[in-house]
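The chains referred to below are lettered A, B, ... by the order of the sequence lines, with proteins before strands, and numbering in each begins at 1. Basis for what follows: all heavy atoms, side chains included, without hydrogens, waters or symmetry-related copies.
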Amino acid sequence: MNPLILKGIRENLRPKHLIAAGLFSLIVCSTVYLTSYLEGSEGKYSKDPQTKEWVKGESSPVNGARNAFTFLLALQGFYLMFLGTGRVASITAEERESGLLDYQRMTPMNPLSKIIGYIFGIPAREYYMFLFTLPFLGHAILVGKLPWGNIIQLYSVFFCSVILYHLTAHAVGLVVPKPRAASWVSRIVVLGLYVVLPGLGQAGISFLSFLTILPTYFGKILPIIREEGYQKRGHFDYEARIADFWKDVPFFDFAISPTTFTFLMQGLLILILLITGYRKWRNQALPALSKSSALFIYSIFQFLLLGCLWTFFDKGEASGLIGQELSANEFSGKEEKILGLILVIGIFFSLSFLFILCLINICCPDRHLYLKGIQRIAKFNLARIPRIADESSGLGLMLILTAITLFTYSVLIKLALHSDAWVLNSSFLSLCLIPTITLLLAVIYLQASREIWFNLGFWGFVGLLWITPLLASLVLGVGWGEENIGLILKLLAINPLSIIPMHWVYEHAEIVKLPQEIAQNINSAIQFGLLIAGIFAILLQSRLYFIRKK
Amino acid sequence: MIQVQDLKIHYGDFVAVDNLSFSVKPGSVFGLIGPNGAGKTTTIKAIATLIEPTYGEIMLGETSVLHQPEQARRMLGYMPDFPPVYDDLRVEEFCDLFAHAYGQSVAERKEKVEKALAQTELTTKRRELCKSLSRGMKQRALLAKTLVHDPSVMLLDEPGANLDPKARIDMRKLLRKLADQGKTILVSSHVLTELQDLCDEIGIMRDGKMVVSGSIEEITQRKKSSRKLEIELLEESHQFTEFVEQWPTLSELKKTHDTKAQFEISHSGGREEIPGILSQMIEHGLKVTSFTTRKSKVEDLFLEIESGSSEFDQN
């Protein structure tokens with residue numbers, strides 16, 4: 001057995017823990033299960049359409065068990081996904097802070113075995129508590145006549161999600177210094193990554209929805225539970241829409257099963273976290289991702305974005321509850337259509353930009369790391385630092401990532417220009433030029449600032465440059481919106497994320513019926529934003545050049 | 001066995017270790033001494049593969065710590081200055097965890113754990129939870145864990161810091177015994193007297209640099225003012241001060257007692273000169289009641305280096 005799993009069992013499952021955790025789980029689980037079972041099995045009142053009288057239906061154990069199944073699943077999720085995740089993060093951070101992790105780092109165990117040991121050993125007590133839910137689960141499946149095939153799919157995705165969350169928590173624990181903070185940061189990260197971000201899936205970026213077990217639950221379990229148990233409920237329509245949505249996933253021109261897609265998505269994330277964990281276990285000083293793995297991961301990310309947005313740009317159809325509202329076919333007016341398109345383009349660029357920002361933070365060397373590289377090449381008599389080494393400048397990689405983003409964008413724009421679903425006023429070149437310049441300039445100055453300053457300086461710079469003008473424009477907009485529209489737009493344009501939607505609005509000013517004066521203001525704001533980005537790019541790159549020369 | 005060459009470790013703009021070079025012979029004990037912030041712990045952590053140096057090379061025999069860290073880790077046993085332990089594990093489980101992690105079989109683990117517990121005198125505490133141990137006991141548990149995979153190189157950062165006087169003596173004896181069995185030990189400490197008796201060689205660090213290294217004998221011999229004269233007079237006399245000032249090889253007159261006329265003087269001349277000094281003092285009418293010589297200890301040297309007044313600094 002893995003020594004770290006054995007350690008987890010020894011630490012967490014002594015007789016006193018076995019009794020206390022077992023009793024706790026048994027009491028909570030039996031209460032939740034029996035309450036929901038009894039509530040669900042009772043016959044429901046319904047109005048007889050002929051006699052117009054309220055009639056109580058027959059009690060049904062099948063309905064009871066199916067009703068209880070969902071609550072039981074939530075309880076299992078609470079044990080493993082909430083309690084377990086917090087524990088993995090806090091113990092990892094605690095051991096890192098105290099130095100215990102150093103002992104483990106020094107043992108000759110394979111880094112992968114260490115990661116497995118941590119993510120299965122630390123939450124040993126939560127897995128033990130989970131065991132107490134299994135008899136109830138068996139009852140729910142047998143009495144509720146739930147098909148085994150669907151249950152197996154659901155629980156495969158459930159455990160895949162648990163591993164993903166625990167890996168995330170382990171990675172957070174390796175990064176966040178304070179144990180108590182790590183516990184909460186990991187829960188917030190898990191909620192953000194796997195609950196809030198999937199919300200964007202409803203706006204057409206469907207792959208983000210598959211970070212949770214919800215698609216499999218809605219696609220494979222809810223339709224079965226609805227067959228009998230929920231048909232008499234008031235929220236039937238909404239649930240029916242959810243269940244319909246998850247039956248298949250539009251990806252390019254294909255439809256993929258939600259379970260398969262979830263495995264693909266979660267598998268990709270698990271791979272990223274394993275790479276990070278492996279590198280951090282090998283050497284704490286290494287950046288979380290190497291340049292080549294960052295390139296690989298970003299390419300897959302862009303491929304997924306392209307696949308999910310394909311049908312939207314090609315046929316004007318978006319998946320997801322919000323996505324369906326945004327779809328071109330749902331709108332009758334050209335104005336509404338173009339605004340829906342601009343919103344989705346804004347989401348595309350925001351996600352891509354934020355991903356690149358994270359990779360700049362991870363893969364661009366700070367001064368310390370760069371200096372290390374310089375001293376190494378002197379030692380090995382090399383002419384320059386190898387391009388893919390962690391110590392080498394990140395400019396090349398960031399330019400490649402920008403090119404990939406612009407390629408994806410240009411494919412989407414081509415689709416939209418050739419589609420009957422959209423009516424666009426502009427040419428391919430005019431729609432691509434400003435986003436290309438914006439992205440290039442922003443990436444160039446961000447890379448330089450990362451390599452000039454350390455973490456605090458870099459994030460402080462990004463915060464001051466991107467957030468402060470945004471807040472100032474908000475205050476101005478609320479207080480003196482009409483008279484200062486030019487200034488507000490200029491402040492907004494300092495943040496490169498605002499320039500691209502602005503450019504789209506300007507290009508389609510006629511369709512969206514924008515007054516001439518405001519259109520001109522938008523145009524000068526875009527030029528101002530590009531000027532600021534250009535100045536920063538030149539200044540910071542020159543400074544970086546002189547620092548390195550020195 | 002341990003060879004550190006041109007080691008540099010930067011934390012941002014701060015230079016923690018600067019061009020450090022030293023070597024430790026197989027089966028010997030090397031002591032790193034220095035004030036807080038001298039770079040001792042950073043150096044030990046770099047050898048233990050826990051910090052990646054900015055520049056330099058660290059070799060354990062033929063194994064490069066930087067390029068073959070996995071192989072190096074098999075040879076290393078590391079004990080940090082503050083002893084973290086797994087609170088909810090029993091002492092024997094704590095040792096067993098590491099024996100297991102080093103790939104030993106069940107039978108081997110049992111034997112090795114037994115031996116390590118016996119060496120550190122923890123056999124009677126084997127079933128106790130680590131959290132119930134005193135700090136000194138935790139230190140021993142940590143040493144037992146370090147010994148359990150039989151490393152050829154041991155890195156001990158302030159090993160005696162939490163121990164009572166008897167336990168310190170026991171620890172010293174144990175480390176000496178381990179060195180005699182062929183283990184190479186690098187130890188850091190602030191308790192200089194401990195290292196004096198334990199180490200074959202020492203290195204004194206300040207501001208990330210090695211100020212001086214070698215055997216204690218060599219270092220004290222290399223230092224010119226290595227001899228101290230301790231003199232007690234019947235009563236204080238200004239003649240005594242004048243005498244010391246005029247004698248060319250005497251310096252640094254210090255009064256060592258508040259009420260008695262006891263003094264300490266540095267002497268940089270030869271041993272043969274000492275009888276002459278005593279006879280001249282008597283001839284000058286000084287009423288000498290006690291006259292002893294002692295060699296300057298490492299502690300004196302350390303204090304000089306810490307204050308920046310050592311001649312090694314100027315060289």
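- Using a 4.5 Å cut-off on side-chain heavy atoms (C-beta onward), B/Leu97 and A/Gln104 make contact.
- Note on B/Glu52, B/Glu57, B/Gln71, B/His149: by heavy-atom pairs under 4.5 Å with chain A, the leading option is B/Glu52.
- Contacts between B/Ile51 and chain A at a heavy-atom distance below 4.5 Å are absent for every atom of the residue.
- Contact check for A/Tyr103 versus B/Pro84: side-chain heavy atoms found under the 4.5 Å cut-off.
- Comparing B/Asp87, B/Leu89, B/Asp6, B/Thr146 by how many heavy-atom pairs each has under 4.5 Å with chain A, the most go to B/Leu89.
- Looking at B/Ile9, there are no atoms closer than 4.5 Å to chain A (heavy atoms on both sides), in backbone or side chain.
- Counting heavy atoms from C-beta on, the side chains of B/Glu93 and A/Glu11 never come closer than 4.5 Å.
- In summary, A/Arg10 and B/Glu92 do not engage in a salt bridge, as defined by a charged side-chain N under 4.0 Å from a carboxylate O.
- Look at A/Lys7 and B/Asp88 and you find no salt bridge, because none of the NZ, NE, NH1 or NH2 atoms lies under 4.0 Å from a carboxylate O.
- Annotation: the span from A/Thr107 atom OG1 to B/Glu70 atom CD amounts to 10.0 Å, rounded to 0.5 Å.
- No more than 12 heavy-atom neighbours from other residues, nucleotides or ligands sit within 6.0 angstrom of CD1 on A/Ile388.
- More than 12 heavy-atom neighbours from other residues, nucleotides or ligands sit within 6.0 angstrom of CD on B/Gln181.
- Heavy-atom pairs under 4.5 Å with chain B peak, among A/Arg105, A/Lys114, A/Met1, at A/Arg105.
- Taking every heavy atom of both residues into account, A/Pro108 and B/Ala101 meet most closely at CD-O, 3.8 Å.
- A 4.5 Å side-chain heavy-atom check between A/Arg14 and B/Arg90 finds at least one atom pair inside the cut-off.
- The NZ atom of B/Lys45 sits 11.0 Å away from atom CE of A/Met106, with the distance rounded to the nearest 0.5 Å.
- Only the side chain of A/Leu6 has a heavy atom closer than 4.5 Å to any heavy atom of chain B.
- Looking at B/Tyr86, both its backbone and its side chain come within 4.5 Å of chain A, counting heavy atoms on both sides.
- Contact annotation for A/Glu95: only side-chain heavy atoms (C-beta onward) come within less than 4.5 Å of a heavy atom of chain B.
- When heavy atoms are compared at a cutoff of 4.5 Å, B/Asp96 approaches chain A solely by way of its side chain, counted from C-beta outward.
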